[in-house]
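These figures come from a predicted structure and were not determined experimentally. Every chain is numbered from 1, with letters handed out A, B, ... down the list of sequences.
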Number of protein chains: 2
Amino acid sequence: MLKLTKKVDYALLAMHFMGHQDMDQVSTIRDISENYQIPMEILAKVLQKLSKKGLLQSHHAPKGGYTLKRPIREISILEVINAVEGPIGILSCSEGQDKVCQQIENCDIRSPLERIQGKILWLLENMSLEELSQAVPTTGGVIHGSFDLLGQPRYH
Amino acid sequence: MLKLTKKVDYALLAMHFMGHQDMDQVSTIRDISENYQIPMEILAKVLQKLSKKGLLQSHHAPKGGYTLKRPIREISILEVINAVEGPIGILSCSEGQDKVCQQIENCDIRSPLERIQGKILWLLENMSLEELSQAVPTTGGVIHGSFDLLGQPRYH
DNA sequence: TGATAACAGACCAAAATGGTCTGCGATTAC
DNA sequence: GTAATCGCAGACCATTTTGGTCTGTTATCA
C-alpha cells in the first residue's frame, strides 16, 4: 500500500552510489551489489532499465560497467521511479485501459484523488537524487521567514 | 507501486456516500454496495474496520446500518487509509520489525526518503473527506497572489 | 420469535513482487 | 584471433499481497 518497491530502492541506491564518484568512473554491477548486499541478477535488470531510459550509460567490455549520463542534481526521484516501474498512479483504477473499473460511472471521488496524486508526483519530481545525499538538519539553523513547499522552515 | 488499494477506494466511496446524507440517517452495506457496484462481503469488512476505528457507528438491527460518527470535514483521507490498511510507509524496509533490511547499514538514502514520506502523509492528513466532494475548478477564477501548499494558485 | 441487519473468520484465486537460472552479445587485453 | 570480462535478454519460479468468496454467528426490534 503506497509503498516503493525494492527495485526502486535498488535503483536509488545505485544512482546514489554512482553519484559519489567521478562522472567518468565506471561502476560494475558487482561493485554496487556488493556494496549494498543486493542480488546481482536483479540489480542487473534494474540498471538495464535505467540505461535504456537514458539515465545511465553502459559500456560492455572488460573494465566496463555503468556511468551516469547526467549529474545527479539533474535527475529527479520521479525519473528513476518511472524508469524502473513505469508511470505511477495512486488510483487503483488507473492501470490498464483494457480493464474497466466497476465504479467508474458513479465514482465521484476520482478527480480529487487525482489532485492528490498530482501533488505527490510534484514532490517526487522536484526532489533530485542529489538531495538523497543530504542529511536532514537536526537542530537549529532555520532561515527566518523562509519556507519550503510544505510550509516547513528552510535550514542553513 | 505507490497505489491505493481497492479497499481504500471502497472506504473512501462509502464515507463519501454517507457524508451526503443526514448525519442520523443510516446506510446499509446493501445501499452502498449497490450504489457503487462493490461486492457486499468485502465492503462489509471495510465498514467493520472503519467502525472499529471509531469513524463509523454501527447499529445492528433491522432498519440498522452505519452512520458517521463525525462530519466528513473532520475526517482526513489519512485516517481512512490508516483504518483500513494500517499505518503506511513508502519505504520497502519500513514494514515488519522481525524482518531485517539487508541494506540497512549501508543505506544512505533512508532519511531523505522518510522526509518525502512525511510530506505525503502531510498531504493526506490535511485533505478532508469533504474535499473529496469538491470538483476541481476548470477555468479562470484564480485568486491573485494566493497559492496553496504546493505553490499552485488558489481559486475562487 | 423470526426477519434483518452487522460481525467474524476461514478459505481461495489472481496478481504483483522479488528473485533465480540459463544462455547470448559486445568489447578489449593479451 | 580468442579468451576473459563485462552487460543483455528472457524464461521461469516462489512468496507475498490483494481481492474476493463462503459459511456461520450475534444483536436488535417489530
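- Note: CZ (B:R30) to P (C:dC7) measures 16 Å, nearest angstrom.
- Here the nucleotide nearest the side chain of B:E41, chosen from D:dG7, D:dT21, C:dT17, is D:dT21.
- In this structure, B:I42 atom CD1 and D:dC22 atom C1' are separated by 14 Å, rounded to whole Å.
- A side-chain contact (heavy atoms from CB on, under 4.5 Å) with B:E79 is found for one member of B:I81, B:I77, B:I75 and no other, namely B:I75.
- Across all their heavy atoms, B:L124 and B:S76 have their closest contact at O-CB, 3.8 Å.
- Of the possible polar contacts, one joining the B:N126 side chain to the B:W122 backbone as a donor-acceptor pair under 3.5 Å is found.
- Both A:K45 and A:G64 sit near DNA chain D, but only A:G64 has its closest nucleotide nearer the 5' end.
- Scanning residues 12-29 of chain A for heavy-atom distances under 4.0 Å to DNA chain D yields A:T28, A:I29.
- Panel note: side chain A:Q57, backbone A:T67; no donor-acceptor pair is recorded below 3.5 Å.
- Take A:Q102 and apply the side-chain hydrogen bond (donor to acceptor under 3.5 Å, both in side chains) test, not counting sequence neighbours, and it matches no residue.
- Around CZ of A:R70, the count of heavy atoms belonging to other residues, nucleotides or ligands within 6.0 Å exceeds 12.
- Scanning all heavy atoms of the two residues, the minimum distance from A:S33 to A:M40 falls at OG-CG, 3.1 Å.
- Note on B:Y10: a side-chain N or O is less than 4.0 Å away from OP1 or OP2 of D:dG20.
- Contact annotation: B:Y66 reaches the phosphate of C:dC7 (side-chain N/O to OP1 or OP2, under 4.0 Å).
- Under the 4.5 Å side-chain heavy-atom criterion for ILVMFWY residues, a single connected hydrophobic cluster contains both B:L123 and B:L121.
- Only A:H59, A:H60, A:A61, A:P62, listed by number, bring a heavy atom of residues 49-63 of chain A to less than 4.0 angstrom from any atom of DNA chain C.
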